[in-house]
There are 2 protein chains.
Amino acid sequence: MSAEAATGEAWEDITPDAARRLVVAAVQAFAERGYHATTTRDIAGRAGMSPAALYIHYKTKEELLYQISRVGHQRSLDMLREARDGGGSAADRLAAAVRAFVRWHAEHHTTGRVVQYELGALAPDHYGEIVALRRQSEDAIRAIVAEGVAAGEFDVPEVPGTTLAVLSLCIDVARWFNPAGRRTPDEVGALYADLVLRMVRAEGGPVADRDRPEAGDGGLQAVQDLPDPPETADRRRSDQQ
Amino acid sequence: MSAEAATGEAWEDITPDAARRLVVAAVQAFAERGYHATTTRDIAGRAGMSPAALYIHYKTKEELLYQISRVGHQRSLDMLREARDGGGSAADRLAAAVRAFVRWHAEHHTTGRVVQYELGALAPDHYGEIVALRRQSEDAIRAIVAEGVAAGEFDVPEVPGTTLAVLSLCIDVARWFNPAGRRTPDEVGALYADLVLRMVRAEGGPVADRDRPEAGDGGLQAVQDLPDPPETADRRRSDQQ
DNA sequence: ACCGACGCTAAGCGCTTGCTCACCCGGCAG
DNA sequence: CTGCCGGGTGAGCAAGCGCTTAGCGTCGGT
């Protein structure tokens, strides 16, 4: 699977073809430069079209962001609910939720960056809609945590606060993950599932042991995975990965 | 302490007065709308000056962001190093680091938001400088974690990855913290210190117990603390808190 | 052969942006 | 009183912005 495919594969059901190319181009541009720093000319250029062609498929630049945000949030919510309603102990389900959510945000870190960090640029009504989805995502995680606590499986200092921390930890993966770094999305997902089970003091559950990566690979240098450096030069299509 | 003071107090040593007012205004504007969506007219307006006055004190809009970013990162680094070099066990020092870092990012969440999420808008050379500071911050935390592991005090799946997760968790506080929410900066700091000690399996240390907030305040609804809604209307100075 | 629909482009409109420039004003040394 | 100087303003420039409009080529259906 190429890196380009990783950006594009989530949008395969968008038609016509030109509309899908525009979404993919917008995701890349928004992730690199941010919504406000991205021009409609840039998006259209990446999609191989003239600036005016954008407005045949989308009414405004903001509608593009809205589509991206809506689909991404819905996808996140579906993942979390699937984990919540899956089988196994609360620890199994919490680990599954974290693993899936984190893996997706690492794999699709460009999309994730737009989804998680650009929603402030949405129009007020669209923003409200997205916030509702986010609340439901939080509800899904909190349900798992609360069930684990009720079953005596977890021990947490405070359910809402712990839920918030878990969600926050997972979301932030989209910010720092670098595909050129040393960790694969699977590895980050497994590591984070382990760390989250520790946060809720799930006593060395089977999932934690099964998925834990090898401990103490001592020589690894811990230079932080860094987001792409800013680009003042207008390289545009030179390395569209 | 007023909310305005919370934004302003970190910049008291900037002179002359007009330059400081501009920084405070820029922090608020960048935090609310993002760097690219903020106009120099907006900044100058909030500071009670004409647009041209900005350029008497700062060469460009980017230089304002650079000042904010530099001071904020330096302050973060100082806090983390102070905790690292403080006394006590590794658990004590890790908890102190997290508590201070998180409390600052909650208290000064506007500044924190700019510092942590707008660095992509920096010019390449300024960006490089800031990245160096961030690496040193990561080094400070990793040192504490590594020492705890070496002393047999911590048990972590992987030192670099755990360090990254701890830092990421703390940074993201600036994104979601809402001063109108139910948690004070102190409470969030204590909660996070507890959660981080769990991540490294520091066995129920004194710090964790001393600072842990009351557990299981059941009735609390877990609606996520949300960032300010977007504003299309140009309210500007109406509720500058 | 004709035609309307569709996808697209070249050109550009109205506006906002970051930033500049000529000028102004109050305080203070000589 | 005079001259200077740091801090400030009003007006505005060049460039770039989101978006529109008039028109063009290429289709499938009749």
Side-chain angles (χ1 to χ4, degrees), chain A residues 14-27 29-30 32-69 114 118 120-124 126 230-237, chain B residues 14-27 29-30 32-69 114 118 120-124 126 230-237:
Chain A
I14 292 184
T15 52
D17 180 74
R20 200 191 64 252
R21 268 157 45 218
L22 281 167
V23 176
V24 172
V27 166
F30 291 163
E32 273 177 34
R33 304 166 166 11
Y35 174 81
H36 287 292
T38 299
T39 69
T40 54
R41 286 161 176 81
D42 186 10
I43 297 170
R46 287 175 193 248
M49 310 158 66
S50 80
L54 191 153
Y55 295 91
I56 294 163
H57 302 283
Y58 299 96
K59 278 201 291 283
T60 62
K61 181 173 107 169
E62 191 268 348
E63 195 187 293
L64 260 169
L65 176 64
Y66 171 59
Q67 292 290 347
I68 294 164
S69 201
V114 178
E118 300 293 332
L122 288 167
H126 290 161
E231 301 278 347
T232 35
D234 201 1
R235 63 187 168 103
R236 205 145 294 193
R237 5 198 49 256
Chain B
I14 293 184
T15 53
D17 179 73
R20 200 192 62 252
R21 268 158 45 219
L22 282 168
V23 176
V24 172
V27 166
F30 291 164
E32 273 177 34
R33 305 170 166 7
Y35 174 81
H36 287 293
T38 299
T39 68
T40 54
R41 285 163 176 80
D42 186 9
I43 298 169
R46 287 175 193 248
M49 309 159 65
S50 80
L54 192 152
Y55 294 92
I56 295 165
H57 302 282
Y58 298 95
K59 278 201 290 284
T60 62
K61 181 174 109 171
E62 192 267 349
E63 195 185 296
L64 260 169
L65 176 63
Y66 171 59
Q67 292 291 346
I68 294 164
S69 201
V114 178
E118 300 293 332
L122 289 167
H126 290 162
E231 300 280 346
T232 38
D234 201 1
R235 62 184 170 106
R236 205 145 294 194
R237 5 199 48 256

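Reminder, nothing fancy here: chain letters follow the sequence lines and each chain counts from 1. Keep in mind it's a predicted model, so treat the numbers as computed, not measured.
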Listed partners of B:E118 passing side chain to side chain donor-acceptor pair (under 3.5 Å), at least two apart:
none
Any donor and acceptor pair, going by atom type alone, linking the side chain of A:R33 with main-chain N or O of A:T38 inside 3.5 Å?
no
Look for any protein N or O under 3.5 Å of an N or O in nucleotides 5-8 of chain C and output each such pair with its distance, or none.
from	atom 1	to	atom 2	distance (Å)
C:dC8	OP2	A:H57	NE2	2.9

What nitrogen or oxygen pairs link the protein and nucleotides 15-19 of chain C at under 3.5 Å?
from	atom 1	to	atom 2	distance (Å)
C:dG18	OP1	B:T38	O	3.0
C:dG18	OP1	B:K61	NZ	2.8
C:dG18	OP2	B:T40	N	2.9
C:dG18	OP2	B:T40	OG1	3.2
C:dG18	N7	B:R41	NH1	2.9
C:dG18	O6	B:R41	NH2	3.1
C:dC19	OP2	B:Y55	OH	3.0
C:dC19	OP2	B:K61	N	3.0

Between A:A47 and A:A25, the two heavy atoms sitting closest are N-CB, 3.9 Å
How far apart are the closest heavy atoms of B:A44 and B:P51, and which atoms are they?
CB-CA, 3.7 Å
Listing request: all side chain to side chain donor-acceptor pair (under 3.5 Å) pairs with a residue in residues 53-63 of chain A, at least two apart in sequence or in separate chains.
A:E62-A:H126
5'-most to 3'-most nt of DNA chain D touching chain B (<4.0 Å, heavy-atom partner on protein side) reads D:dG8 to D:dG12
Could you pull out all residues at least two apart from B:A26 that satisfy side-chain contact (heavy atoms from CB on, under 4.5 Å)?
B:F30, B:I43, B:L64, B:I68
Provide the closest heavy-atom pair for B:A53 versus B:L22 in the form atom of the first, atom of the second, distance.
O-CD1, 4.5 Å
Under the criterion side-chain contact (heavy atoms from CB on, under 4.5 Å), I'd like the reasoning laid out for A:V24 against A:R21: C-alpha separation, chi angles, the key distance, then a yes or no.
CA-CA 5 Å; A:V24 172; A:R21 268 157 45 218; 5.8 Å; no
